[in-house]
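First the proteins, then the strands, lettered A, B, ... as listed; each starts at 1.
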Amino acid sequence: MHLLLVDGSGYIFRAFHALPQLNRKSDGLPVGCVQGFCNMLYKLTEDLKGEDEPTHMAVIFDYSSKTFRDDIYPQYKAQRPPAPEELVPQFPLTRAATRAFGIPSIEMEGWEADDIIATYACNARKAGGKVTIVSSDKDLMQLVEPDGSIRMLDTIPRPGQPPLRWIGVEEVFNKFGVGPDKVIDVQALCGDSVDNVPGVPGIGVKTAAELINQYGDLENLLAHVDEIKQNARREKLREHAELARISKRLVTLAQDVPVALDLGALARQPIAPSELFPFLKAMEFATITKRLAGLLDANPDDFAADPDIAAKPVAAVGFDNTARAEARAARQEATGRAGNATVLHAADMHARVKAIPFNPDAYEIIRDASALQRWLDLIVSNGHVATDTESTGLDNQTADLVGISFSVAPGTGAYLPLGHIEGNDDMFGGGRVEGQMDMREALDMVRPMFADRSILKIFHNAKYDLGLLARYDIAVNSIDDTLLLSYSLDGPQFNTMAELSDHWLGFAGIPIKDLLGSGKTQKTFAQVPLADAARYAAEDSDITIRLWQVLKPRLAAENMTALYETIERPLAPVLARMEGRGVSIDRQILSRLSGEFAQRAAAFEAEAYELAGQSFNLGSPKQLGEILFDKMGLDGGTKTKTGAWATGAGVLEELALKGVPLARTIVDWRQLTKLMGTYTDALPHYINQRTGRVHTTYSQHSVLTGRLSSNDPNLQNIPVRTEDGRKIRSAFVAAPGKILVSADYSQIELRVLAHIADIQALKDAFEEGLDIHAMTASEMFGVPVQGMPSDVRRRAKAINFGIIYGISAFGLANQLSIPRGEAGDYIKTYFERFPGIRDYMEEQKRRVKADGHVSTIFGRKINFPNANSHNPSERSFVERASINAPIQGSAADIIRRAMIRMEPALKKAGIEADMLLQVHDELIFEVPLGTENTAMPVIKTVMEGAAEPAVRLNVPIQVDAHAAHNWDEAH
DNA sequence: GCAAGGACGTA
DNA sequence: GTACGTCCTTGCA
């Protein structure tokens with residue numbers, strides 16, 4: 001009998017550090033170690049022939065839990081960092097690989113792999129067999145037998161060395177200076193810093209071997225410790241005798257593990273192609289598949305990839321496509337059976353992270369350079385760090401940096417306070433709190449870490465921190481963002497760290513209100529006492545790293561790696577820069593407009609009182625409704641859902657047409673006061689003192705469909721439709737010596753619809769550059785495009801928009817002020833003319849009910865938890881939204897991609913254009929005067945090609961660009 | 001001081 | 001009929 005025992009866990013860890021980790025499966029899952037492992041299994045069966053050919057085989061893994069060693073010495077392996085994130089999903093896959101090769105995969109709760117290996121090795125030897133242990137772990141060297149009955153084999157690939165390296169007595173002696181039978185005595189003395197085996201301080205391998213060679217074993221040495229001449233050594237041994245004994249117990253492998261399988265069960269089985277090839281195909285290991293096909297004389301094409309492991313097909317938005325339907329069925333089956341390795345891993349990580357307790361006492365305050373250096377060293381060796389900036393406000397363009405926190409693993413945390421001042425908030429009380437590093441010194445120290453591309457910085461809402469740090473000349477490379485991870489996976493369901501923490505970790509965290517208070521007495525973070533601040537800040541980073549450990553594995557498990565890594569994550573720094581640039585507005589123009597609007601509004605106000613016969617608050621819909629419908633007794637009044645009179649613009653327009661002049665006056669007054677309140681009066685307050693410009697904040701994670709939103713101020717709803725509104729837009733100006741360029745997608749959503757629903761007539765119209773609304777009208781009403789009445793085109797336009805919004809007869813009737821029946825007829829005609837559109841709509845409705853979500857062409861999922869609501873109006877709403885979401889969302893994905901590529905493209909073209917604003921289908925740039933005509937073609941090219949190569953659209957995309965000194969004229 | 005509702009600005 | 005954010009009033013704490 002020749003028993004081959006593979007140390008599976010040891011292999012994975014060592015291979016991870018020995019091999020370049022480049023290989024990923026098509027879903028983004030790292031698989032380099034699994035590949036190396038499969039190669040090794042293949043090599044072993046190939047190379048171990050003749051007298052070395054094993055008759056029995058098993059792969060042994062560590063079971064991740066406590067072992068008896070934790071009871072002997074709690075610190076054992078305690079300081080070991082968590083397994084690298086890239087490695088973790090490969091653990092279950094390695095076990096699956098073992099099974100695919102027809103080899104027993106063995107692990108046991110409470111035992112390390114080494115103990116199981118020792119047990120089997122001794123059993124086999126006692127039975128007269130020969131044993132080969134595939135491992136390079138020095139802890140297993142104690143098992144090597146001088147008679148060659150137990151040997152070790154190192155298979156970790158190392159450049160310039162043979163692939164298989166035998167370890168016998170001689171190699172053990174070279175390593176420990178003693179024979180295998182004395183290895184544990186040497187280890188007892190010298191310890192092992194990696195596993196935290198203490199040994200005797202000050203005694204290394206050399207000294208240990210010398211002592212053991214002299215005294216035979218540990219106990220004899222301790223019995224004769226008085227004879228040792230070197231004073232220091234003798235005293236150390238005396239003092240730490242017990243530590244040495246504990247160490248010996250830690251390193252001594254158990255040989256009596258109650259293994260479930262006996263030796264007979266480890267007899268080698270022929271590899272079953274039906275087990276092996278589905279696994280290899282799912283892992284996308286082409287080379288090894290080919291090799292083994294030759295070896296086994298089997299055809300891999302006879303087997304399908306194992307759906308439990310295979311990359312799940314990206315959710316496609318198209319429909320009526322057999323291949324896609326099959327892919328969807330396979331995906332549902334794969335996720336329905338809880339077998340997918342990435343799914344299991346994600347669930348496992350969640351359970352494990354959730355179980356780690358929080359301990360505020362473990363957090364540290366970094367008060368000096370040496371402490372900071374210690375943390376930086378820790379971060380560098382860890383390779384990744386969760387970090388968070390604390391500042392004096394919510395606006396990163398005005399707030400001051402107060403401190404920075406770090407966490408390298410769940411339960412760890414440190415706070416670097418930099419700008420805390422004494423609690424007094426009057427003008428003279430702001431003395432610096434003692435015990436903080438000098439800000440400049442500290443920032444100089446952390447700057448290289450933030451810039452280092454090999455260190456991953458994990459933020460929650462990186463855009464905020466990036467924008468703030470940029471003001472302190474700290475550039476950040478290599479980021480992850482738990483907020484964007486959450487958004488990529490779950491949409492805008494969770495908005496804050498507190499919500500995420502509560503949901504995923506079951507931990508509430510310290511509310512910021514507890515530190516700052518609220519209302520008039522609210523403090524800034526700079527005034528929070530250091531101890532409280534540190535606990536809060538370090539906890540934030542601690543939470544962030546836990547959320548990262550929970551959410552990041554879900555990307556691969558749920559097929560969202562591409563969305564996150566190619567769209568969301570790279571967009572965040574782009575947006576941070578746009579926010580930082582701001583846009584220039586002309587105060588004078590706004591101030592002049594404000595005066596003009598105020599005068600005109602006052603006139604309308606007086607007129608309204610006159611017409612109403614009384615004065616009232618024009619801004620109160622309640623009071624207005626009472627005057628119109630109760631006092632004046634007008635009919636046509638409808639109630640809102642709360643029972644109040646509806647007085648919206650639509651209602652008032654109807655009344656005005658019926659000859660109620662007050663209604664018109666109110667509409668006009670509302671328009672002017674809206675423009676004042678929201679724009680001419682409000683915008684100047686947003687001009688930043690430092691930059692003289694207006695800096696909006698984009699939200700990348702708020703919109704269901706994948707659009708951005710803009711707030712404080714919202715620069716995505718600057719008026720454009722009315723003449724007065726456009727006057728406000730003209731106050732957005734280029735800086736001196738610059739000019740604005742506006743580039744907008746033409747009919748992007750209809751083009752996306754034509755692509756997704758594959759509507760030939762629409763595609764042809766776009767291909768030929770026709771007026772799409774006129775074409776629609778012509779098709780529907782049989783009216784030639786030449787000389788078409790504007791009202792006919794207007795109706796078709798409303799229908800086209802209606803389609804995008806998930807049309808209903810009710811809505812269309814409302815929009816066009818026509819009877820519902822007539823609107824229904826229009827829709828019917830439309831569907832008869834474009835039956836593909838109805839198919840598209842039905843498919844989205846079916847999907848949202850079946851899956852709870854629909855998807856964009858780039859795989860973004862849009863969730864609708866209410867899809868099967870028992871409330872009919874709620875259900876209808878979801879149906880319409882599920883029709884709109886893939887269209888709006890795919891268009892949003894396209895412009896996001898354009899924005900990510902824009903800066904490098906402009907730079908490459910040597911153009912100094914600054915991207916300032918995004919308004920859903922429009923990008924606004926500021927470029928040096930005179931360069932606009934070279935900038936515009938580059939901008940257009942990037943925008944028009946933004947879907948490629950991920951998606952090849954079957955309609956042309958058109959972008960129109962204009963340059964002018966203000967936004968109104970550029971648009 | 002805060003939340004909800006209504007209204008209205010944008011794509 | 002889709003997707004947002006802001007302003008104002010109202011009502012309640």
Side-chain angles (χ1 to χ4, degrees), chain A residues 491-492 518-522 616-625 639-652 666-667 669-683 686 696-699 702-722 724-726 728-729 744-750 753 798-816 820 823 826-827 841 844 854 862 864 873 876-889 891-892 895 917-922 971:
Chain A
S518 64
K520 273 199 305 209
T521 58
Q522 188 166 341
F616 64 103
N617 187 344
L618 292 199
S620 165
K622 185 170 176 278
Q623 293 178 31
L624 175 64
K639 297 278 181 81
T640 66
K641 58 173 180 267
T642 55
W645 291 112
T647 67
V651 175
L652 297 183
I666 299 291
V667 168
W669 178 88
R670 276 187 182 164
Q671 191 193 86
L672 287 170
T673 53
K674 173 77 176 183
L675 294 181
M676 284 193 291
T678 311
Y679 306 104
T680 58
D681 294 353
L683 281 175
Y686 286 101
T696 185
T697 302
Y698 288 103
S699 176
S702 296
V703 181
L704 195 64
T705 55
R707 279 188 175 182
L708 299 177
S709 72
S710 157
N711 59 70
D712 299 304
N714 182 355
L715 296 186
Q716 290 182 321
N717 71 344
I718 300 305
V720 71
R721 287 176 188 173
T722 65
D724 285 331
R726 281 194 296 276
I728 290 165
R729 195 166 272 230
D744 69 294
Y745 284 103
S746 163
Q747 307 285 6
I748 183 76
E749 295 192 347
L750 278 175
L753 172 66
I799 293 168
N800 277 334
F801 274 96
I803 295 299
I804 290 168
Y805 296 155
I807 200 157
S808 77
F810 180 86
L812 185 62
N814 224 15
Q815 175 71 27
L816 288 177
R820 254 184 80 174
Y826 283 2
I827 294 169
M841 292 183 166
Q844 301 311 320
V854 291
I862 297 124
F864 292 99
S873 72
S876 303
F877 177 79
V878 168
E879 288 180 357
R880 292 192 297 272
S882 72
I883 288 164
N884 171 259
I887 304 171
Q888 185 180 118
I895 197 168
L917 302 174
Q918 188 250 41
V919 192
H920 309 308
D921 65 357
E922 176 187 13
H971 182 66

Practice item. List for me each residue that meets salt bridge (charged side-chain N to carboxylate O under 4.0 Å, His left out) alongside A/E922, sequence neighbours excluded, and say none if there are none. Key: none

Check your understanding: For A/A891, which contact category applies under a 4.0 Å heavy-atom criterion: base, sugar-phosphate, or nothing?
Key -> nothing

Exercise for review: Go through the structure and list residues passing salt bridge (charged side-chain N to carboxylate O under 4.0 Å, His left out) with A/K639, not counting sequence neighbours.
Suggested key: none

Check your understanding: Listed by chain and number, what are the side-chain contact (heavy atoms from CB on, under 4.5 Å) partners of A/S746, not counting sequence neighbours?
Key -> A/R751, A/Q958, A/D960

**Study point:** Start and end of the DNA chain C segment that chain A contacts, any atom under 4.0 Å from a heavy atom
**Key:** C/dG1 to C/dG11

Exercise for review: List in chain and number order the residues that pass side-chain hydrogen bond (donor to acceptor under 3.5 Å, both in side chains) with A/D744, two or more places apart in sequence or in another chain; answer none if no residue qualifies.
Suggested key: none

Practice item. Using the heavy-atom set of chain A and a strict 4.0 Å cut-off, write down the first and last nucleotide of DNA chain B that makes it in, 5' to 3'. Key: B/dG5 to B/dA11

Exercise for review: Go through the structure and list residues passing side-chain contact (heavy atoms from CB on, under 4.5 Å) with A/A644, not counting sequence neighbours.
Suggested key: A/T640, A/T642

Exercise for review: With heavy atoms under 4.0 Å as the rule, sort A/E922 into base, sugar-phosphate or nothing.
Suggested key: nothing

Practice item. Scan A/L704 against the nucleic acid and name what it touches under 4.0 Å (heavy atoms): base, sugar-phosphate only, or nothing. Key: sugar-phosphate

Check your understanding: When we call it a touch if two heavy atoms are under 4.0 Å apart, what does A/G648 touch: a base, just sugar-phosphate, or nothing?
Key -> sugar-phosphate

Study note, to complete from the structure: The side-chain contact (heavy atoms from CB on, under 4.5 Å) partners of A/F616 (sequence neighbours excluded) come to A/Y609, A/A612, A/Q614, A/L618, A/Q623, A/L624, A/I627, A/I666

Practice item. Mind checking A/R880 for me? I need base, sugar-phosphate or nothing, with any heavy atom below 4.0 Å counting as a touch. Key: sugar-phosphate

Point to revise | With A/R726 via side-chain contact (heavy atoms from CB on, under 4.5 Å) - residues at least two apart | key: A/V720, A/E723, A/D968

